[in-house]
Number of protein chains: 2
Amino acid sequence: MNQKEVTIAKPVMLDKNFFSGHSVDCVILGFEQGEIKVLLLKWKAFEKWSLPGGFIGNDEDLDKAAIRILQERTGISLPFLEQFHSFGDVNRKGKESFLSEIKSLIGHDSNLINWISQRFISTGYLSLVNIKKCNLVPDELSERCEWVSLNNVSNLIYDHNEMIKMALQKIKMQLNYLPIGITLLDSKFTMKELQLLYQSILGKEIDRGNFQKKMLKLDILIRLEKQNLGGAHKAPYLYKFDKLKYKKLLKKGFGYIN
Amino acid sequence: MNQKEVTIAKPVMLDKNFFSGHSVDCVILGFEQGEIKVLLLKWKAFEKWSLPGGFIGNDEDLDKAAIRILQERTGISLPFLEQFHSFGDVNRKGKESFLSEIKSLIGHDSNLINWISQRFISTGYLSLVNIKKCNLVPDELSERCEWVSLNNVSNLIYDHNEMIKMALQKIKMQLNYLPIGITLLDSKFTMKELQLLYQSILGKEIDRGNFQKKMLKLDILIRLEKQNLGGAHKAPYLYKFDKLKYKKLLKKGFGYIN
DNA sequence: ACAAAAGTGTTATCCTTACACCCATGT
DNA sequence: ACATGGGTGTAAGGATAACACTTTTGT
């Protein structure tokens, strides 16, 4: 492989050679105050937000690159990200090129500018996390790194809004097969919190009683002591996931296997 | 965008400039004699089979590239292919490089050889088709273009065997939501043929009576006259899909929407 | 006492599953 | 007559959805 021809220059985000023409973007979703939130970066150089993304090392697996990029850009370490789609439209960057902003970021090295402003195909990766367990550390390119409620997501750069949409579709599909709460909630939670999570993903109301019965019948929840938060009402039970039974359920398959 | 730097040389498969480092591979599945079959190409230059694949034009959407590549390499024109996964492991090409074979195909232009033997990330596309309606025309690189029963698929080049596996997984998931037969069967078919199709995708037996009831209840099949094939038994009905109702069912959603 | 939220129960309806029964046809 | 495969029916069990009832708690 002739590296001189394929890798033109080093982008700034990492001190190594990158694979040309392909990038990764991460849709990291969390749940807080009854709302789904997505992890976004605010650029230092210009007034735009974007998904945490980056480039792939020449000697790096695509899946591994996603994990590294997320860590470097946001501080979040995850052992596994799920690929959900690759975005390869010619005009996926839209009309705004951010060229002057990019120059202010990376300097005026023309090789580098050419490299970074070429066409990129980007593969989207996805994960659901517990917001409280995430210690956010924005990288040097970013002014801020924040959880943004889905309703408040602005016009992101390139096709990042579409990426979020597709990630949510994928989540919806998995919701039918997987008890998703284990990654998004605290270790202890009430049935109401779990229900709010499902409702905000599905975008619809669910009957309270039926939801409770359905979840309990899965036999992956352990009921703990009651929690008295001091409302004028009965105290709700706390639950935690029975991780052993949860794993067994996963291994048994997602419903379409058998 | 500086094309001189990004596009090094022209590969042979098409007379235009290609996007570097990214390819497309198509998993096209059909159904014949009660078996799922996959469309494969046998190389002229060496004794290996592979999925129909190719490169992406510099000014071509990824999705469009897949459609064009399939047409050029196999003769099959489809209006739509579904993306299912991108394969980006560093060593996805495996140990065999086929370098000498590639040279015999494309000549000894070192730029071209470098271009073609670099690392490629490949996006897999998927479709289900009616074998009888496909007029196979192998391209100049291929000796043959054939439907191969899944059980008879040999060791394909690179990670193509894994690609087929992942495509089948995706199909299984969709089977729960979509009445898939419309693309795979003849316009007229018996309930038994439809059942054999489902069984071969799911890899399990389905109760005959229950399957019939379930399919009829979907209300997308039109019962036609009986077909007497001359067996020592009752003649089965023929069915065709009610395409209007079928489309309505699709629009209504796949089950996870509501 | 009352409202609010949590836990549980009831009922009708639908779907799934396993299996049985009858029908048509060629040998 | 009988085996073979095709169409339909039945009964049990499970899942779902709508809704009602009871319990706990602060005001």
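Note on naming: letters A, B, ... go to the chains in the order of the sequence lines (proteins, then strands), and numbering restarts at 1 for each one. Just so it is clear, the model here is predicted, and its values are computed rather than measured.
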Mind listing the N/O atom pairs, protein and nucleotides 24-26 of chain C, below 3.5 Å?
residue : atom : partner : partner atom : Å
C:dA24  : N3   : B:K234  : N            : 3.2
C:dT25  : O4'  : B:H233  : O            : 3.1
C:dT25  : O2   : B:A232  : O            : 3.1
C:dT25  : O2   : B:H233  : N            : 3.3

Grab the [atom1]-[atom2] distance between [X] and [N] for me, whole Å please.
X: B:I206; N: C:dA18; atom1: CD1; atom2: C1'; result: 15 Å
X: B:E225; N: D:dG7; atom1: CD; atom2: P; result: 13 Å
X: B:R208; N: C:dC23; atom1: CZ; atom2: P; result: 15 Å
X: A:E205; N: D:dA18; atom1: CD; atom2: C1'; result: 14 Å
X: A:D207; N: C:dA5; atom1: CG; atom2: C1'; result: 14 Å

How long is the span from the [atom1] atom in [X] to the [atom2] atom in [Y], to the nearest 0.5 Å?
X: B:L62; Y: B:S23; atom1: CG; atom2: OG; result: 9.5 Å
X: A:K37; Y: A:N152; atom1: NZ; atom2: CG; result: 8.5 Å
X: B:I36; Y: B:I164; atom1: CD1; atom2: CD1; result: 12.0 Å

| Heavy-atom contacts under 4.0 Å between residues 209-224 of chain A and DNA chain C, which residues? |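 Those residues are A:G209, A:Q212, A:K213, A:R223.
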| query | Does anything in residues 191-200 of chain A reach DNA chain C, meaning a heavy atom under 4.0 Å, and if so which residues? | reply |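 Listed by number, they are A:K192.
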| Enclosure of B:K243 NZ (heavy-atom neighbours >12, cutoff 6.0 Å) |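 No, NZ of B:K243 has 12 or fewer neighbouring heavy atoms, counting only those of other groups under 6.0 Å.
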| message | Is any side-chain heavy atom of A:Y125 closer than 4.5 Å to one of A:I67? | response |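 Result no, sub-4.5 Å side-chain heavy-atom pair not found.
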| query | Do A:L39 and A:C145 have side chains that get closer than 4.5 Å, going by heavy atoms? | reply |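 Heavy-atom side-chain distance check passes, below 4.5 Å.
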So, [X] side chain and [Y] main chain: donor-acceptor pair closer than 3.5 Å or not?
X: B:N161; Y: B:L156; answer: yes
X: B:D242; Y: B:L244; answer: yes
X: B:R73; Y: B:G53; answer: yes
X: A:D89; Y: A:N91; answer: no
X: B:R92; Y: B:Y158; answer: no

| task | Can you sort out the partners of A:H22 under ring pair (Phe, Tyr, Trp, His ring centres under 6.0 Å), two or more places apart, ordered by chain and number? | result |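 A:H22 satisfies ring pair (Phe, Tyr, Trp, His ring centres under 6.0 Å) with B:H22 once adjacent residues are dropped.
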| request: Kindly calculate the angle separating the two end axes of the helix from C:dA1-D:dT27 to C:dT27-D:dA1, each obtained from five base pairs, and round it to 10 degrees. | output: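 Result, rounded to 10 degrees: 20°.
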Show which side-chain atoms of residues 182-197 of chain A pair as donor or acceptor with protein atoms under 3.5 Å away, not counting sequence neighbours.
residue : atom : partner : partner atom : Å
A:T183  : OG1  : A:I180  : O            : 3.2
A:D186  : OD1  : A:N130  : ND2          : 3.0
A:D186  : OD2  : A:K132  : NZ           : 2.7
A:T190  : OG1  : A:E193  : N            : 3.2
A:T190  : OG1  : A:E193  : OE1          : 3.4
A:E193  : OE1  : A:T190  : N            : 2.8
A:Q195  : NE2  : A:Q199  : OE1          : 3.0
A:Q195  : NE2  : A:I206  : O            : 2.8

